[in-house]
Amino acid sequence: MSSTRHALGAAHAELMGVEFERFDREREEVTLRFHAPDSFITPRGSVQGGLVAGFLDEVMGWAHVWATDQAEAPLNLEISMSLLKPVPAGPLIGKGRVVRRGRKVIFLEGELFDPEGGILARATSTAIPTVRPTAIGQGAER
């Protein structure tokens, strides 16, 4: 799992405080933990919406990566997001799953929860399956 740790430890993932929790192969669902830093908070007191989209993009992408045994990564064509409640700084839980996977297009969905399990945001993505790129001299990246 060193390549997974490395990929989750990429600069953007470190910024979001990403930690892998589990992958449910039957559901093709990944669970990640995040930590939204105070620097993500707007004057309204919650995480900026584009950064919320980043959490959801991360969890949806990893669902596909794990479902393909880390051989593929999705290339997003479209992401749709609904902010259901203000997203606070601190710990968050993300769940991402593959809804349908074809040879030319995949459909993903993700949800972001507070530590108590309350839903904060959800998203869907339409993406193209691609060979998972690798960084030269490093492990595989998403």
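Hydrogens, waters and symmetry mates play no part in the numbers below; they use all other heavy atoms, side chains included. Given the structure is predicted, the values throughout are model-derived calculations rather than measurements.
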So do the side chains of I79 and L56 get within less than 4.5 Å of each other, counting heavy atoms only? no
Over 60° means perpendicular and under 30° means parallel, so tell me whether F20 and W66 are parallel, tilted or perpendicular. parallel
Which atom pair, heavy atoms only, marks the closest approach of E28 to A63? O-CB, 4.1 Å
Is any side-chain N of the basic residue among E72 and R132 closer than 4.0 Å to the acidic one's carboxylate O? no
Flag, side chain of Q48 to backbone of G50, donor-acceptor distance under 3.5 Å: yes
What's the shortest heavy-atom distance between P91 and H35, and which atoms? N-ND1, 3.7 Å
Applying side-chain contact (heavy atoms from CB on, under 4.5 Å), run through L92 and F113 and close with a yes or a no. CA-CA 6 Å; L92 300 167; F113 300 91; over 6 Å; no
Shared ILVMFWY cluster between L51 and F34, side chains joined below 4.5 angstrom? yes
Taking D69 first and then R25, would you say they form a salt bridge - that is, a charged N and a carboxylate O separated by under 4.0 Å? yes
Residue pairs meeting side-chain hydrogen bond (donor to acceptor under 3.5 Å, both in side chains), one or both in residues 80-89, sequence neighbours left out, come to none
Verify, without hydrogens or angle tests, whether N76 (side chain) and E78 (backbone) share a donor-acceptor contact under 3.5 angstrom. no
What closest approach, in Å, do V65 and T68 show between heavy atoms, and which atom pair accounts for it? O-OG1, 3.1 Å
First locate atom CZ of F107, then atom OG1 of T124, and finally report the distance between them rounded to the nearest 0.5 Å. 9.5 Å
How far does OG1 of T31 sit from CG of D24, to the nearest 0.5 angstrom? 8.0 Å
Roughly how far, to the nearest 0.5 Å, is the CE atom of M81 from the OG atom of S125? 12.5 Å
Basic-acidic side-chain contact under 4.0 Å: E29, R97: yes
Once rounded to the nearest 0.5 Å, what's the spacing between atom CG of L32 and atom CH2 of W62? 8.5 Å
Student check: side-chain heavy atoms of V105 and I128 closer than 4.5 Å: no
Rounded to the nearest 0.5 Å, the CD1 atom of I106 sits from the CE atom of M60 at a distance of 10.0 Å
I'd like to know if K95 and E109 make a salt bridge, using a cut-off of under 4.0 Å between side-chain N and carboxylate O. no
With a 4.5 Å cut-off on side-chain heavy-atom distances among I, L, V, M, F, W and Y, is there a chain of contacts connecting L15 to V87? yes
Is any side-chain heavy atom of L112 closer than 4.5 Å to one of I93? no
Give the minimum heavy-atom separation between A121 and V52, together with the two atoms involved. CB-CG1, 3.8 Å
Quick one: closest heavy-atom pair of V59 and G96, and the distance? CG2-N, 3.3 Å
Shortest non-hydrogen contact from V47 to T42? C-CG2, 4.4 Å
Step-by-step side-chain contact (heavy atoms from CB on, under 4.5 Å) determination, L75 to T130: CA-CA 7 Å; L75 178 60; T130 65; 3.8 Å; yes
Side chains of H12 and E58: is there a donor and an acceptor less than 3.5 Å apart? yes
